[in-house]
Amino acid sequence: MKKFVLSQEDITPAEYSIQYEDLLNEAQLEAVMFDEGSALIVAGAGTGKTRTLVYRVARLVESGVDPTQILLLTFTRRAASEMLRRASQILDERCQRVEGGTFHHYCSKILHRYAEKIGYPEQFTIIDAGDAMDTVNLVRSQVDIPTQKKRFPKKSTLYNIFSTSVNKQMTVRDVIEQQYPQFVNYTETIELLADKYAAYKEQNFVMDFDDLLVKTRDLLRDQQEVRKKVAAQHKHVLVDEYQDTNALQAELTQLFSSIHNNVMAVGDDAQSIYSFRGADHKNMMRYPELFEDTKIIKLEENYRSTQRILDVANRVLKQAGEKFEKELYTVKEKGDMPGLVKAANMNDQSRFLTQMILNLREQGHELNEIACLFRNGRDSFDLEVMLNKKNIPYIKYGGQKFTEAAHVKDVLAHLRVLVNPKDTISWNRVLMLIDGIGPKTAEELFSWAQTGGNPYRPDQAPNTSDRYLTQLKALGNLFSELKKLDGSVPEQLQTVVDYYAKFCKKRFDDHPKRMKDLETFVDISGTYRSLEKMIEEVALDPIEATAIDTETTEKDEPPLILSTIHSAKGLEWHTVFLIQCLDGILPSGYAIDDEEQIDEEVRLLYVAVTRAKEQLFITYPALFQSRYGDYFTNPSRFIEDIEKDYLEPWLLVEESEEEQKQLEE
DNA sequence: GCTGTCTGTCTTTTT
DNA sequence: GACAGACAGC
């Protein structure tokens, strides 16, 4: 056979259609134009990190790189699609074809493709943290727990121990000794449970979030031909938010890029806020050791915030025990003084926010240019009540997800067993809804189905009591109905919701609200192409709790943004309110004894502050109302030391009092 | 023997 | 408001 060697086409066009040098500063341009090899972009907050990545994607595509050969790894699905949308706007639709998403998404894609290489069926099940905890509980119930006086860790703690051990690549024993010393007596039992949990997942073809990373790493590390195939596909690998990756993800980055060796990681060590998930911002320092000849490019000029906001941010960061050589600066004008607002109580805080927001709206600001940030998901409950009263539309990111709520999980469980009849956890949910069926009966029905019984006709099982036979028949009918509707997700979902209505009524006092949720879920479910897809998407990319309302109720106004600080990462708004800035909340009470954790809380405040472009308000209530009674609180220790010249104190005065004062004058 | 309900405890951040 | 353990009722 004759061989003809094709030479590489000249992929660099003489001229670009985009005027990069006019649109970017010097450092950004260097990053965008960086050719081949390894680069680390160290980018302070607001220095145009996302912009740089967006332009780099456009530049690569414009240079002739096949978009499907670019891998863009981001922290959330939202971030990836937003970046690709912007790149498409700058260049053209080709950018949408870039391979992008979270590490978890991309790993799941690889594992589906190479499932048979690791002895899994193509359709394995991905479980979210809640299902994982239920699974832990299931194996826990099969093991004798030594009855000592001391408490045994509950399912969420157990799952956290297992997950930490994976993400920090430590043994279960070490995790317990270092982070859960109160449970050292149970070490052996916990280790046994870890093994059982792993075995359960293997047997039932189930993977939790951590498995997605580990199994992909193992696959690519141990099976060279797969690694070569996968890595050959990645001409360029781009990783965003590198400061929040863990050792496992660093390893994956290395494996993904191991053929072409073109990697660019972007991050800011001062914004590392995910160590609880095993992320290690020292990953950034180690990057040059991992990738040879790394070019380091620093982005330092801030384009987002006014100087006065940056002054606050710089002062926040100085309080970290760990020294950051960072001093953000901007050429923007000084701007308004950031405000420190002391409210008498939580309700006043909410009133202040609502009224300020309405004022801003009157001044012509869109609601989605305003964000209200907080440390914990529940810190916004009081505000949410007031926003609802005042009819201010909002969307909340962070906190409990819509698809994690019990009623949604119940409904989904019926569809999950349809896709995977071996899904024990979902069978338990489905069966235990029925009156008279508890863990024991559910277990019996399940093992009958596993040994030849038809799981979709549970009424045919032997020894079923009359108490629930009719209900089992109804369940059987539901399944045959669902099978008839195969192919239409909304219709299947509607059928389950109809069936579920009576259980919902019985189980929950607030069933009208929950049923309304489910109806809107049906409405948006048309976007899922199949049940399998829906189940996987819902686990990997759960719908935000309030997103579902805003999507369907066609409000002509874009909604206000409420978000946990963690979920606000990478985003920016004209005005930012940081509420509940109290000691014990930010920093969290859990962090107070540990220097490293306190530092992370400092960085968290830093992230919150640097989200603001023009206006920043930090608010806190003087009185904290809890179920155990009201008590006076201290503002966050991090803001107490910031001088008045940087953070201007605001006083909230009641209208009636003000009038009174004016009369006296 | 199993299920359902009552009571006390603890409540971070997310893929 | 969720969870685990205790206990009463079928």
Side-chain angles (χ1 to χ4, degrees), chain A residues 73-80 101-108 126-130 132-134 136-137 140-141 145 147 151-160 163-164 166-167 207-213 241 244-246 248-249 272-279 373-379 381 397-401 403-406 431-444 465 467-468 506-510 536-542 544 563-569 580 584-592 597 600-601 603-605 607-608 626-628:
Chain A
L73 293 167
T74 54
F75 204 69
T76 62
R77 203 65 180 302
R78 201 152 46 109
T102 61
F103 274 93
H104 293 86
H105 262 111
Y106 189 59
C107 286
S108 115
I126 297 171
I127 54 171
D128 66 14
M133 287 175 198
D134 288 346
V136 169
N137 224 25
R140 196 191 120 138
S141 69
I145 306 295
T147 41
R151 287 177 73 81
F152 190 77
K154 55 183 184 184
K155 64 179 181 184
S156 57
T157 313
L158 288 168
Y159 174 67
N160 285 337
S163 183
T164 306
V166 173
N167 283 296
M207 289 197 206
D208 64 20
F209 290 144
D210 302 328
D211 292 325
L212 294 174
L213 303 184
E241 310 281 7
D244 283 322
T245 57
N246 59 35
L248 210 49
Q249 288 164 323
S272 153
I273 53 176
Y274 278 89
S275 70
F276 67 90
R277 209 171 90 183
L373 307 182
F374 32 86
R375 174 66 175 84
N376 308 314
R378 57 164 184 270
D379 292 335
F381 288 168
Y397 294 104
Q400 202 184 17
K401 299 286 188 298
T403 34
E404 283 163 0
L431 293 170
M432 277 165 54
L433 278 176
I434 294 169
D435 254 349
I437 297 183
K440 205 78 194 172
T441 313
E443 158 78 40
E444 273 164 23
S465 149
R467 267 195 305 166
Y468 43 78
K506 205 173 151 262
R507 252 187 100 179
F508 303 107
D509 291 344
D510 59 345
E536 183 159 325
E537 292 287 305
V538 153
L540 283 175
D541 202 16
E544 302 289 341
S563 175
T564 57
I565 303 173
H566 283 90
S567 296
K569 203 164 80 142
Q580 291 291 96
I585 290 184
L586 182 65
S588 153
Y590 299 94
I592 287 176
Q597 286 190 56
E600 179 141 321
E601 301 285 314
R603 295 194 294 267
L604 207 46
L605 177 59
V607 169
S626 89
R627 272 174 310 144
Y628 310 110

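The model shown is predicted, which means the values in this text are computed figures rather than measured ones.
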Between A/Phe75 and A/Phe103, ring centroids under 6.0 Å: no

Ring-ring centroid check A/His566 A/Phe276, cutoff 6.0 Å: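 Between A/Phe276 and A/His566, which both carry aromatic rings, the centre distance is below 6.0 Å.
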
Range-with-range stems for DNA chain B, at least three Watson-Crick or G-U pairs under 3.5 Å: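 DNA chain B stems, ordered by first number: B:1-10 with C:1-10.
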
To the nearest angstrom, how far is [X] atom [atom1] from [N] atom [atom2]?
| X | N | atom1 | atom2 | value |
| --- | --- | --- | --- | --- |
| A/Lys155 | B/dC10 | NZ | P | 18 Å |
| A/Glu443 | B/dG1 | CD | C1' | 15 Å |
| A/Phe152 | C/dC3 | CZ | P | 17 Å |

Polar side-chain atom of A/Gln400 near backbone of A/Glu404 as donor-acceptor pair, under 3.5 Å: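 Indeed, once roles are kept as given, a pair shorter than 3.5 Å links the two residues.
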
Flag, side chain of A/Asn376 to backbone of A/Arg378, donor-acceptor distance under 3.5 Å: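 Between the backbone of A/Arg378 and the side chain of A/Asn376 there is no qualifying donor-acceptor contact (under 3.5 Å).
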
Salt bridge (charged side-chain N to carboxylate O under 4.0 Å, His left out) involving A/Asp128 - partner list, sequence neighbours excluded: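 Partners of A/Asp128 under the salt bridge (charged side-chain N to carboxylate O under 4.0 Å, His left out) test: A/Lys409.
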
Partner set under salt bridge (charged side-chain N to carboxylate O under 4.0 Å, His left out) for A/Asp541, not counting sequence neighbours: A/Arg77

Between the protein and nucleotides 2-5 of chain B, list every N/O to N/O distance that falls short of 3.5 Å.
from, atom 1, to, atom 2, distance (Å)
B/dT3, OP1, A/Gly438, N, 2.8
B/dT3, OP1, A/Thr441, N, 3.2
B/dT3, OP1, A/Thr441, OG1, 2.6
B/dT3, OP2, A/Lys440, N, 3.4
B/dG4, OP1, A/Gly436, N, 2.4

Which pairs, protein N/O on one side and nucleotides 7-10 of chain C N/O on the other, fall under 3.5 Å?
none

Strictly under 3.5 Å: I want the nitrogen or oxygen pairs between protein and nucleotides 12-15 of chain B, one per line.
from, atom 1, to, atom 2, distance (Å)
B/dT12, OP2, A/Tyr590, OH, 3.1
B/dT12, O4', A/Asn376, OD1, 3.3
B/dT12, O2, A/Arg375, NH1, 3.0
B/dT12, O2, A/Arg375, NH2, 2.3
B/dT13, OP1, A/Gly377, N, 2.9
B/dT13, O4', A/Arg375, NH1, 3.2
B/dT13, O2, A/Arg375, NH2, 3.3
B/dT13, O2, A/His566, NE2, 3.4
B/dT14, OP1, A/Thr564, OG1, 3.0
B/dT14, OP1, A/Ser567, OG, 3.1
B/dT15, O4', A/Arg277, NH1, 3.2
B/dT15, O3', A/Thr102, OG1, 3.3
B/dT15, O2, A/His104, NE2, 3.2

